[in-house]
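Working notes, beginning with the structure itself.
All values below were derived from every heavy atom in this structure, side-chain atoms included, with hydrogens, water molecules and symmetry-related copies excluded.
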Amino acid sequence: MKTIDELLADGVAGKRVFVRADLNVPLSGTTITDDGRIRAVLPTVKALADAGARVVVASHLGRPKGAPDPAFSLAPAAARLGELLGADVAFATDTVGESAEATVTGLADGRVAVLENLRFNAGETSKDDAERAAFADRLAGLADVYVGDGFGAVHRKHASVFDLPARLPHYAGHLIATEVGVLKKLTEDVKRPYVVALGGAKVSDKLAVIDQLLGKADRILIGGGMAYTFLKAKGYEIGSSLLQEDQLPAVVEYLERAEKTGVELVLPVDALVASAFPDLKAKVPADATSVAADAIPADQMGLDIGPESRKLYASKIADAATVFWNGPMGVFEHPDFAEGTKAVAQALLDSEAFTVVGGGDSAAAVRILGFDENAFGHISTGGGASLEYLEGKTLPGLAALED
Ligand SMILES: Nc1ncnc2c1ncn2[C@@H]1O[C@H](COP(=O)(O)OP(=O)(O)O)[C@@H](O)[C@H]1O
Ligand SMILES: O=C(OP(=O)(O)O)[C@H](O)COP(=O)(O)O
């Protein structure tokens with residue numbers, strides 16, 4: 001994999017450099033609640049700008065449906081990038097249209113522009129190779145060189161991640177180089193006991209990775225939205241909690257395999273439940289109660305692990321030599337459902353383990369809940385990406401930078 005250092009050594013002054021970043025930051029309206037992913041790409045953007053490149057930054061934000069949707073605009077992220085760089089950042093109100101072309105044409109050497117959300121175009125995420133290729137061709141028209149630095153999205157076979165680098169000279173940015181360097185250690189020389197804690201809301205993606213992790217980790221702690229598919233698989237009532245029904249048979253098989261192979265698959269023993277998903281903006285107190293994991297009322301929703309589970313998970317982390325954690329244990333954005341996530345973060349810090357926290361929301365949670373991010377071994381900007389890397393999968397966005 002060629003890195004940005006080689007590109008910089010060859011000289012980039014005057015060249016249009018397309019930086020595929022992951023600026024998928026958490027937002028409350030148009031306010032960025034955690035800018036970690038923007039700060040993470042700064043070294044690459046700054047190095048290119050300082051070397052006189054015309055830097056074109058592109059990213060997705062959220063999951064819009066292939067058409068413009070103002071709720072998912074990258075404008076707030078572009079403004080924040082400008083603040084962090086201490087320089088004006090131009091913003092194109094489309095991705096490959098008139099605004100993008102005019103913005104890129106107008107870029108002076110050493111200046112930076114951000115394009116509107118890549119996922120406002122159906123071609124970005126299309127499963128149809130030709131549709132993705134057509135969009136990648138249009139993106140390629142905006143640049144001379146490609147730098148991949150959106151680590152959080154390298155597990156996606158998307159046009160800007162997978163197809164575009166094949167069309168331009170391509171390099172890995174500083175963030176991707178750093179992330180891969182750390183995660184490689186966890187695949188090659190992991191110190192045991194190796195504990196993986198999983199939570200969050202992207203249940204479908206994350207249940208799938210457990211298949212491989214069962215052969216690698218000594219203990220897997222399950223929290224967040226995915227816990228309820230496990231509790232359902234055990235035959236419990238889960239009310240209106242998140243459920244990935246189509247993956248129930250797989251989850252039953254994971255439970256059986258864990259039992260047979262001696263991997264500890266640890267499920268919550270209790271849960272904090274409420275009658276509805278809480279209002280994350282107003283943050284008014286929810287009608288939260290704590291119930292045993294096998295006694296979730298049919299009209300309630302599981303929103304965090306309960307107090308006994310907090311203690312249990314902390315004890316399962318205490319003697320670990322390595323911990324990888326992805327996915328908040330509950331809806332941490334609301335104070336009534338943040339304790340599970342806090343307890344796991346604190347357990348990582350109390351252990352002597354090498355700790356890696358991965359994922360946009362997990363990393364944000366650690367900072368928003370007041371933990372010192374430097375106290376962890378590594379905070380990865382990618383959740384799904386780091387999990388799939390640890391599974392040993394070939395990631396499209398890394399493979400595309402290889403040749
Ligand atoms: N029990 C739950 N029900 C619904 N959402 C949950 C639950 N537990 C956690 N979440 C949500 O999961 C989200 C983060 O999930 P995800 O995107 O998978 O994590 P990451 O970005 O760290 O990979 C948070 O916004 C949190 O509110
Ligand atoms: O937030 C992200 O991943 P993560 O939640 O697994 O850390 C990335 O920006 C990828 O987004 P996606 O899962 O919508 O493709």
#### Entry: Residues R310, D270: salt bridge by 4.0 Å N-O rule
no

### Message
In the structure I gave you, are the side-chain heavy atoms of D144 and L168 within less than 4.5 Å of one another anywhere?
### Response
no

### Query
Do the side chains of T3 and Y171 get nearer than 4.5 Å, heavy atoms only?
no

### Message
Between R20 and H60, is there a side-chain donor-acceptor contact under 3.5 Å, judged purely by atom types and distance?
### Response
yes

### Query
Between T95 and E116, is there a donor-acceptor pair closer than 3.5 Å when you use the side chain of the first and the backbone of the second?
yes

### Test: D35 and R37 ion pair at under 4.0 Å
no

### Message
Taking K260 first and then E256, would you say they form a salt bridge - that is, a charged N and a carboxylate O separated by under 4.0 Å?
### Response
no

### Message
Any carboxylate oxygen within less than 4.0 angstrom of a Lys/Arg side-chain nitrogen, looking at R167 and D137?
### Response
yes

### Task
Over 60° means perpendicular and under 30° means parallel, so classify the ring planes of Y146 and F18, tilted if in between.
parallel

### Message
Between the side chains of D361 and K202, is the shortest nitrogen-to-carboxylate-oxygen separation below 4.0 Å, so that they form an ion pair?
### Response
no

### Query
Are any of the side-chain heavy atoms of Y194 and V323 separated by less than 4.5 Å?
no

### Query
Does a donor on one side chain sit under 3.5 Å from an acceptor on the other, for S380 and E179?
yes

### Task
Using a strict 4.0 Å threshold on nitrogen-to-oxygen distance, state whether D69 and R119 make a salt bridge.
no

### Query
When you measure from the side chain of S309 to the backbone N and O of P268, does any donor-acceptor pair fall under 3.5 Å?
no

### Task
Would you sort out whether S160 and E124 count as a side chain to side chain donor-acceptor pair (under 3.5 Å), showing the intermediate values?
CA-CA 7 Å; S160 66; E124 170 66 0; 2.6 Å; yes

### Message
Just so I know, are the side chains of D109 and R54 near enough to count as touching, which here means a heavy-atom distance under 4.5 Å?
### Response
yes

### Message
Quick check: do V96 and N121 have side-chain heavy atoms less than 4.5 Å from each other?
### Response
yes

### Message
Quick check for you: to the nearest 0.5 Å, what is the distance between D218 atom CG and L214 atom CG?
### Response
11.5 Å

#### Entry: Beyond-backbone contact of L48 with I4, side-chain heavy atoms, under 4.5 angstrom
yes

### Message
Check this for me: K216, atom NZ, are more than 12 non-hydrogen atoms of other residues, nucleotides or ligands nearer than 6.0 Å?
### Response
yes

### Query
How about Q300 and S240: does a side-chain donor come under 3.5 Å of a side-chain acceptor?
no

### Message
Less than 4.5 Å apart, side chain to side chain, heavy atoms only: is that true for D350 and L348?
### Response
no

### Residues L243, Y228; criterion side-chain contact (heavy atoms from CB on, under 4.5 Å); working and verdict
CA-CA 6 Å; L243 169 65; Y228 305 95; 5.9 Å; no

